[in-house]
Protein chains: 2
Amino acid sequence: MVDRSPTLRAQRRAETQRSIQAHAVRLFTERGYDATTVTDVAGAAGVSPMTVYRHFPTKEDLVLVDRHGPLVAERVAASPAAQPLVRRIGDALVDSARTLTGGARGHDSPEERFLLARLRLMIATPALRAKHLDAHYALQQAIVEALGDDGADPDAAFRTRAAASACLAAMHTALVRWAEDDGRTELPDLIAHALAAAFGGGTGD
Amino acid sequence: MVDRSPTLRAQRRAETQRSIQAHAVRLFTERGYDATTVTDVAGAAGVSPMTVYRHFPTKEDLVLVDRHGPLVAERVAASPAAQPLVRRIGDALVDSARTLTGGARGHDSPEERFLLARLRLMIATPALRAKHLDAHYALQQAIVEALGDDGADPDAAFRTRAAASACLAAMHTALVRWAEDDGRTELPDLIAHALAAAFGGGTGD
DNA sequence: ACCAATGTGGTAGTCACTCTCACCACGGTA
DNA sequence: TACCGTGGTGAGAGTGACTACCACATTGGT
């Protein structure tokens, strides 16, 4: 027999992980991030504080949004190499945001709303701001690798890194604005606007 | 009555503050940031842990470099308004770096070396990376205010913020490279290079 | 039915950081 | 000189994030 099943044990593990994060985000939005202890989260999820740390290395990771990486990397790699770097990266960021927020408004799946709740929590909570900025580091690395500027020429990697971090910073400005507007504005459009403001009018369609 | 004298009391306060930070930076560079406790720093400076927290709200603030703000703001405000935003901000960043690192090499004052030690510590220590990125937030705000885009048009402020954060992110890439190279490269030149990579060749002289 | 792997809980501990109370040197005033 | 108010400091207890070590139980393969 080929072991096709997700081993049922892994299923349980994934389920508790999902449960912990769901309860965490709920409590954070209800009481606030600082006012909620890890023990509270553990209690709400019906597990011990230990288990929380087994699944999420830090309290901040309970909110961290990590799905951008592969998506952005894929888009960047697929973008036409003739375009300037910031254009390629900028378009990838806008496209990814469009995908993650569900393209046009209308079909807000629960999963999608959960994603946006985490994102807004991350941006609106001062204690998480630094971590969120730091998270863009991983994204930057993913972009550099996707563009293949990683190995040979260190200067090419440096310049790619500079362009990527600049694009991500502009995007972050858009995220902050989006969180402040309480989501009334369309995130992809805001990102395109921020990129245009930083790199000139040609980046966001 | 306005108390005009430095009051000798304030002098003592400033002195202990200087002493605490000096011992902190020394211990951090010797043993590493994580391996040094606040109690260690307090002991080395001959004060109680309480006193450390009275002067520096967090352990991270013992290393934080805060002098860029006013300097960059001043340069940005003085730059010609005809230039595009990223050019004005970029030039201000390069000029400020040149000033803070002592222009040409040669006259490394003790104070200046201390500044650079803190800066390198800040960048090379993973635990401080997030804080350092977060510190650019204050810089970004200073730039927005210096450009006077703060009040009337919210969109102008947004675009300025996007441009400023993008410039700062590019600069941060240069800082990382500089720290990795152990200071062998000239910081202002690296910043100019990073800005050029992100915004096109016209930004760094 | 056995055994190893793995997810989990408990306890104790470290460290950053806060709060509260008391001390005392410094500052101006009588 | 004597007198207080202010402000920098110290000591202690306490909270919360996070870790290390050990024990227990369930799962998965033999």
Side-chain angles (χ1 to χ4, degrees), chain A residues 1-21 23-25 27-28 31-64 121-122 125-131 134, chain B residues 1-21 23-25 27-28 31-64 121-122 125-131 134:
Chain A
M1 267 326 141
V2 181
D3 198 326
R4 182 124 311 280
S5 66
T7 56
L8 194 92
R9 189 180 253 169
Q11 266 185 324
R12 284 202 178 278
R13 178 175 170 81
E15 175 50 33
T16 55
Q17 182 161 336
R18 243 181 42 83
S19 166
I20 290 171
Q21 191 175 47
H23 281 98
V25 171
L27 289 177
F28 289 163
R31 311 182 193 170
Y33 178 80
D34 292 316
T36 308
T37 72
V38 174
T39 306
D40 292 339
V41 174
V47 297
S48 94
M50 293 292 321
T51 306
V52 175
Y53 285 110
R54 288 245 167 64
H55 289 271
F56 302 91
T58 72
K59 183 185 179 186
E60 298 164 332
D61 285 305
L62 285 166
V63 191
L64 204 52
L121 202 53
M122 194 99 209
T125 304
L128 290 172
R129 198 178 56 195
K131 181 77 172 189
D134 194 50
Chain B
M1 267 333 125
V2 180
D3 199 324
R4 185 127 307 282
S5 65
T7 54
L8 192 92
R9 189 179 254 169
Q11 267 184 324
R12 282 201 178 278
R13 178 174 170 80
E15 175 51 31
T16 55
Q17 182 160 336
R18 242 181 43 83
S19 166
I20 290 171
Q21 192 176 46
H23 281 98
V25 172
L27 289 178
F28 289 163
R31 310 183 194 170
Y33 178 80
D34 292 317
T36 307
T37 72
V38 175
T39 306
D40 292 339
V41 174
V47 297
S48 93
M50 292 293 322
T51 305
V52 176
Y53 284 110
R54 289 241 167 65
H55 289 271
F56 302 91
T58 72
K59 183 184 179 186
E60 297 165 333
D61 285 304
L62 285 166
V63 191
L64 204 52
L121 201 53
M122 194 98 210
T125 304
L128 290 173
R129 198 178 57 195
K131 182 77 173 190
D134 194 52

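Just so it is clear: chains get the letters A, B, ... in the order the sequence lines come, proteins before strands, and each one is counted from 1.
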Exercise. For the pair B/Glu15 and B/Arg12, find out whether any cationic side-chain nitrogen is under 4.0 Å from an anionic carboxylate oxygen.
Key: no

Quiz item: Which is true for A/Thr16 with a 4.0 Å heavy-atom rule: it touches a base, it touches only sugar-phosphate, or it touches nothing?
Solution: sugar-phosphate

Quiz item: Hey, does A/Thr58 reach any base, or is it just sugar-phosphate, or nothing, if we go heavy atoms under 4.0 Å?
Solution: sugar-phosphate

Exercise. Tell whether B/Arg54 reaches the base of D/dG10 with its side chain through a donor-acceptor pair below 3.5 angstrom.
Key: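 By the distance-only test, yes, there is a pair.
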
Practice problem: Test for a donor-acceptor pair under 3.5 Å between the base of D/dT6 and the side chain of B/Arg9, counting only N and O atoms. | Solution: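 Donor-acceptor pair under 3.5 Å: yes.
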
Separation of [X] atom [atom1] from [N] atom [atom2], in whole Å?
X: B/Asp40; N: C/dC17; atom1: CG; atom2: P; result: 14 Å
X: B/Gln17; N: D/dG7; atom1: CD; atom2: P; result: 17 Å
X: B/Asp61; N: C/dT18; atom1: CG; atom2: P; result: 11 Å
X: B/Glu60; N: C/dA16; atom1: CD; atom2: P; result: 11 Å
X: B/Arg13; N: C/dG27; atom1: CZ; atom2: C1'; result: 16 Å
X: A/Arg12; N: D/dT26; atom1: CZ; atom2: C1'; result: 9 Å
X: B/Lys59; N: D/dC18; atom1: NZ; atom2: P; result: 14 Å
X: B/Phe56; N: C/dT18; atom1: CZ; atom2: P; result: 15 Å

Practice problem: Would you check if A/Met122 and A/Arg129 make a side-chain contact, meaning some heavy-atom pair closer than 4.5 Å? | Solution: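 No, every pair of side-chain atoms sits at 4.5 Å or beyond.
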
Quiz prompt | Which residues share a ring-ring contact (aromatic ring centres under 6.0 Å, His included) with A/Tyr33, sequence neighbours left out | solution =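 By the ring-ring contact (aromatic ring centres under 6.0 Å, His included) rule, A/Tyr33 matches A/Phe28.
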
Quiz prompt | Watson-Crick and G-U pairing of DNA chain D written in dot-bracket, each distance under 3.5 angstrom, with | for inter-strand partners | solution = ||||||||||||||||||||||||||||||

Quiz prompt | B/Pro49 or A/Tyr33, whichever maps to the more 5' nucleotide of DNA chain D | solution = B/Pro49

Quiz item: Does a side-chain N or O from B/His55 land closer than 4.0 Å to OP1 or OP2 of D/dT9, or not?
Solution: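 Yes.
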
Quiz item: Which residue lies toward the 5' end of DNA chain C, A/Val47 or B/Asp34, if each is placed at its nearest nucleotide?
Solution: A/Val47

Can you list, pair by pair, the side-chain donor-acceptor contacts under 3.5 Å of residues 34-46 of chain B, counting residues two or more places apart and other chains?
{"unit_1": "B/Thr36", "atom_1": "OG1", "unit_2": "B/Gly32", "atom_2": "O", "d": "2.7"}
{"unit_1": "B/Thr37", "atom_1": "OG1", "unit_2": "B/Thr39", "atom_2": "N", "d": "3.4"}
{"unit_1": "B/Thr37", "atom_1": "OG1", "unit_2": "B/Asp40", "atom_2": "N", "d": "3.0"}
{"unit_1": "B/Thr37", "atom_1": "OG1", "unit_2": "B/Asp40", "atom_2": "OD1", "d": "3.4"}
{"unit_1": "B/Thr37", "atom_1": "OG1", "unit_2": "B/Asp40", "atom_2": "OD2", "d": "3.2"}
{"unit_1": "B/Asp40", "atom_1": "OD2", "unit_2": "B/Arg31", "atom_2": "NH1", "d": "3.3"}
{"unit_1": "B/Asp40", "atom_1": "OD2", "unit_2": "B/Thr37", "atom_2": "N", "d": "3.1"}

Self-check item: B/Thr125 side chain vs B/Ala127 backbone, donor-acceptor pair below 3.5 Å
Solution: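 No, the answer is negative, given that no donor and acceptor are paired below the 3.5 Å cut-off.
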
Quiz item: Hey, is the main chain of A/Leu62 close enough, under 3.5 Å, to the side chain of A/Gln21 for a donor-acceptor pair?
Solution: yes

Self-check item: Per B/Tyr53 side chain, nearest of listed nucleotides D/dA17, D/dT9, C/dT18
Solution: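 The nucleotide sitting nearest to the side chain is C/dT18.
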
Quiz prompt | Among C/dT8, D/dT19, D/dA11, the nucleotide that comes nearest once only the side chain of B/Met50 is considered | solution =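 Selected nucleotide: D/dA11.
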
Exercise. Work out which heavy atom in B/Arg54 is nearest to a heavy atom in B/Arg13; give both atom names and the distance.
Key: O-NH2, 4.1 Å

